[in-house]
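What follows is a short report on a single structure.
We count residues from 1, following the sequence as given. All values below come from the heavy atoms of this structure, side chains included, with hydrogens, waters and symmetry mates left out. No experiment lies behind these values; they were computed from the predicted model shown.
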Amino acid sequence: MTSCSPEVRELLLSRIKDVPDYPKPGVMFKDITPLLADPKAFAALTDALAELAVRYGATKIVGLEARGFILAAPVAVRSGIGFVPVRKAGKLPGATLAQSYELEYGTAEIEVHAEDLTAGDKVMVIDDVLATGGTAGASLELIRRAGAEVAGVAVLMELSFLPGRARLTDALAGAPLDALIVV
C-alpha cells in the first residue's frame, strides 16, 4: 500500500537519483542522498512517515541500520516518541537481543538493546528500501521477542520486482506495511 499524496510522491521521486551499474553492473541503484539534501523533500518524507506512526498508534520507532536511522530518528522526534536503533551484530554495548536471518548467499544478524523495547510498546519499523525483506522480517521477530507489539512497517521505497512484501506477509501477522513509493 502506498501512503502519501500524489504531490508528495512526485516530490520524493524527483529527488531520488538513479545510478546505473552501482554497486555492480546491471544494478540500478536508487540514491536517496539528493532527497535528504533537499529540506522541503526531507520534511515531506518525515511528515508522511510521522503521520503513519501516529495513525498506527506507535509508541516507539525502530530504525534499521544504516539509512533507516536517517529516516526514523526525525520521525520519532516529529511524532514525540522514542527512537530505537536496530544495528548489525556487535555494534551495541551491553545486553542485546539478536536475530539472524538469511541473505542471498549466507546469513546476517541484527541486534537491539534488550531494555529498549518492552511489553506494552507498539513499534513502527522504518527503513529506506524494502527489497527482499530479510532485515525487516528479522526486526519484527526481535520486536516480538522483546515482548512488544508491531504497529507496522513503513519504507520510503519498495522494489516491487523483489519478493520483500510477500516474504513479510506472515511476519507482519496483520500489521500494515506501507511504502511511500513503489518502483
Side-chain angles (χ1 to χ4, degrees), residues 1-4 32 45-104 106-159 162-182:
M1 167 199 307
T2 57
S3 303
C4 62
I32 68 167
L45 170 60
T46 301
D47 289 345
L49 292 171
E51 189 276 324
L52 290 171
V54 170
R55 179 189 316 163
Y56 298 135
T59 61
K60 296 269 177 76
I61 300 289
V62 156
L64 303 181
E65 188 165 340
R67 289 181 302 251
F69 295 173
I70 298 166
L71 305 186
V75 169
V77 170
R78 181 76 43 93
S79 304
I81 59 181
F83 168 73
V84 177
V86 168
R87 307 264 346 240
K88 294 175 183 170
K91 301 288 186 179
L92 292 171
T96 61
L97 293 174
Q99 182 66 42
S100 61
Y101 61 99
E102 297 293 320
L103 298 169
E104 187 175 356
T107 61
E109 189 173 59
I110 56 174
E111 295 179 328
V112 66
H113 274 133
E115 72 275 6
D116 287 349
L117 299 175
T118 59
D121 283 331
K122 286 189 69 174
V123 183
M124 173 70 79
V125 176
I126 294 180
D127 205 3
D128 64 328
V129 174
L130 175 61
T132 63
T135 308
S139 74
L140 298 176
E141 184 67 28
L142 272 179
I143 290 164
R144 290 190 177 104
R145 286 183 43 223
E149 180 185 337
V150 174
V153 175
V155 296
L156 165 59
M157 186 175 7
E158 177 181 353
L159 304 179
L162 293 173
R165 183 172 290 270
R167 185 174 181 186
L168 288 178
T169 300
D170 290 341
L172 285 164
L177 168 57
D178 289 278
L180 302 182
I181 298 169
V182 177

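The main-chain N or O of Leu130 is never found under 3.5 Å from a side-chain atom of Glu158 such that the two would form a donor-acceptor pair. A donor-acceptor pair under 3.5 Å links the side-chain atoms of His113 to the main chain of Pro93, judged by distance alone. The backbone N or O of Arg165 lies less than 3.5 Å from a partner atom in the side chain of Thr169, making a donor-acceptor pair. At least one donor-acceptor pair closer than 3.5 Å links the side chain of Arg144 to the backbone N or O of Ala171. Lys60 places no side-chain N or O within donor-acceptor distance of the main-chain N or O of Leu117, the cut-off being under 3.5 Å.
Summarising the geometry of Leu64 relative to Val62, their closest heavy-atom pair is CD2-CG1, 3.9 Å, with the distance given to 0.1 Å. The minimum heavy-atom distance linking Ile81 with Thr59 is given by the pair CB-O, 3.6 Å. Between Gly63 and Phe69, the shortest heavy-atom distance links the atoms O-CE2, 3.3 Å. Smallest separation of non-hydrogen atoms from Gly133 and Leu168: O-CD2, 3.5 Å. For Phe83 against Ala72, the heavy-atom pair with the smallest separation is CE1-CB, 3.5 Å. Of all the heavy atoms in Cys4 and Ala48, the pair that sits closest is CB-CB, 4.3 Å.
One finds the CG atom of Leu97 at 10.5 Å from the CD1 atom of Ile110 (value rounded to the nearest 0.5 Å). To the nearest 0.5 angstrom, Leu71 atom CG is 11.5 Å from Ile61 atom CD1. Here CD1 of Ile181 is found 8.0 Å from CG of Leu45. Values are rounded to the nearest 0.5 Å. Here the straight-line distance linking atom CG of Asp170 with atom CG of Leu140 works out to 11.5 Å at 0.5 Å rounding. The distance from the CG atom of Asp121 to the CD atom of Glu149 is 10.0 Å, given to the nearest 0.5 Å.
Looking at Arg145, Glu109, Glu141, Glu111 one by one, the single match for side-chain hydrogen bond (donor to acceptor under 3.5 Å, both in side chains) with Gln99 turns out to be Arg145. The side-chain contact (heavy atoms from CB on, under 4.5 Å) with Leu49 is formed by just one residue from the set Val155, Asp178, Leu156, Ile126; it is Ile126.
Proximity of Pro176 to Val153: side-chain heavy atoms (C-beta onward) are nowhere separated by under 4.5 Å. Taking the side chain as every heavy atom from C-beta outward, Leu177 and Leu172 approach each other to under 4.5 Å. Side-chain contact between Val54 and Glu51 is absent, with no heavy atoms from C-beta onward closer than 4.5 Å. The side-chain heavy atoms of Arg167 and Leu162, taken from C-beta on, include no pair separated by under 4.5 Å. No side-chain heavy atom of Val125 sits less than 4.5 Å from a side-chain heavy atom of Val150. A 4.5 Å side-chain heavy-atom check between Thr46 and Val77 finds every atom pair outside the cut-off.
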Stepwise side-chain contact (heavy atoms from CB on, under 4.5 Å) check, Met157 with Leu180: CA-CA 6 Å; Met157 186 175 7; Leu180 302 182; over 6 Å; no
Verdict with reasoning, Tyr56 to Lys122, per side-chain contact (heavy atoms from CB on, under 4.5 Å): CA-CA 9 Å; Tyr56 298 135; Lys122 286 189 69 174; 5.7 Å; no
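Judged by distance alone, the side chains of Tyr101 and Thr135 do bring a donor and an acceptor atom under 3.5 Å apart.
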